[in-house]
Amino acid sequence: MLLTKPLKKAAAKIFAAAPFSLENQTPIIPIRHMKFDFDPKKLDHKFYLNAELASAYFASLSIFLTRGEDLVIDTARYHRDFIKDPLLKQRVTSLIGQEAIHSKMHEELNDALIEIDLPVKLFRTWAGWVFDYGLDRLPQPMKLSLMAGIEHFTAVLAEYMMNHEEIFFHSQDEKQRAIWMWHMLEESEHKDIAFDVYQELSNNYTLRIAGFFPALITILVLISAASLLVPFYRNPKNLTSLRYWKEIPHSFKLIFGLKDGVYGSSLKHIFDYLRPDFHPNDHDTSEFLEYYKERLLNPETGILTPYLTKEFTPALRS
Ligand SMILES: [Fe+2]
Ligand SMILES: [Fe+2]
């Protein structure tokens with residue numbers, strides 16, 4: 001059947017909007033452009049449950065993570081050329097696109113955090129040491145493994161956040177809420193892509209585990225240690241304040257507590273990665289994704305709707 005121009009346009013629109021490929025039901029991931037225009041005066045430095053150190057952890061994560069995302073982008077770009085499956089190739093393009101916009105938007109947030117006296121420049125320098133002299137210099141097969149490892153940790157974090165929606169609403173800071181919820185949604189949407197690329201191009205179990213540990217040390221240990229400095233940097237008087245020292249165990253519990261903490265309660269999920277037949281989709285987040293796509297992206301009521309400027313799906317190329 002010959003399609004007229006308007007029909008062709010409509011068909012292309014329908015195909016672009018389709019959430020699944022027809023061949024194998026693999027979700028097609030859109031790239032969303034966002035515009036937050038952060039106002040430093042409205043940034044809440046206690047965004048995370050009003051806990052200064054736990055909030056500092058997320059601010060530090062925002063600073064260090066942009067370098068991790070840049071590593072994911074460069075590594076995915078390098079390996080995309082070796083992938084034969086056009087659908088996986090297309091999904092890698094979506095991963096690159098989503099991460100590029102995460103990195104850009106978090107840099108904008110980080111620039112605004114400078115204005116509220118967070119040690120952004122110092123942490124950028126430290127992140128530079130970790131990546132410029134360390135992780136970015138690893139050989140490509142190891143970077144491929146590290147990429148999958150980083151994406152595992154962001155998937156763990158995203159699942160925790162999706163399971164604890166109330167955390168985002170503790171503060172009135174709507175823009176920090178929006179950027180973290182958007183990031184959470186997309187990390188979960190693309191959580192299997194880096195892993196599938198790794199399996200397709202390497203599939204070496206030992207190397208996969210070797211990439212897990214630098215991701216664990218950077219995200220759990222280095223960033224946590226760096227965030228301990230934030231309250232002193234903001235106000236050196238905190239060093240002698242009883243309130244600050246009392247806050248440490250509280251924030252520690254929020255991040256590492258075994259019962260409800262971000263990583264403490266996710267240990268099973270984190271270390272499930274060490275299972276030889278692990279796959280990210282063993283942890284089913286499809287119901288969360290359905291719920292949050294409506295909650296965040298509904299054209300009338302979506303939390304992200306005021307900040308979303310454009311959305312598109314990369315073309316399928318062989
Ligand atoms: Fe990201
Ligand atoms: Fe990611």
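Side-chain atoms are counted along with the backbone in the values below, which use heavy atoms only and exclude waters and symmetry mates. Atoms within a ligand are numbered from 1 in the order they appear, just like the ligands themselves. Predicted model, so just to flag it, every value in this text is computed and none were measured.
- Of all the N, O or S atoms in Glu99, the one closest to the Fe ion (ligand 1) is OE1.
- Ile29 and Glu189 get closest at one heavy-atom pair: CD1-O, 3.2 Å.
- Residues Gln176 and Ser171 form no side-chain contact, since every pair of their non-hydrogen atoms from C-beta on lies 4.5 Å or further apart.
- A donor-acceptor contact shorter than 3.5 Å links the side chain of Asn110 to the backbone of His106.
- Seen from the Fe ion (ligand 2), atom OE1 on Glu151 and atom OE2 on Glu187 lie at an angle near 160° (rounded to 10 degrees).
- Among heteroatoms of the N, O or S kind in His102, ND1 lies nearest the Fe ion (ligand 1).
- For the Fe ion (ligand 1), the nearest N, O or S atom contributed by Glu69 is named OE2.
- Inspection of the His183 and Glu186 side chains reveals no N or O donor paired with an N or O acceptor under 3.5 Å.
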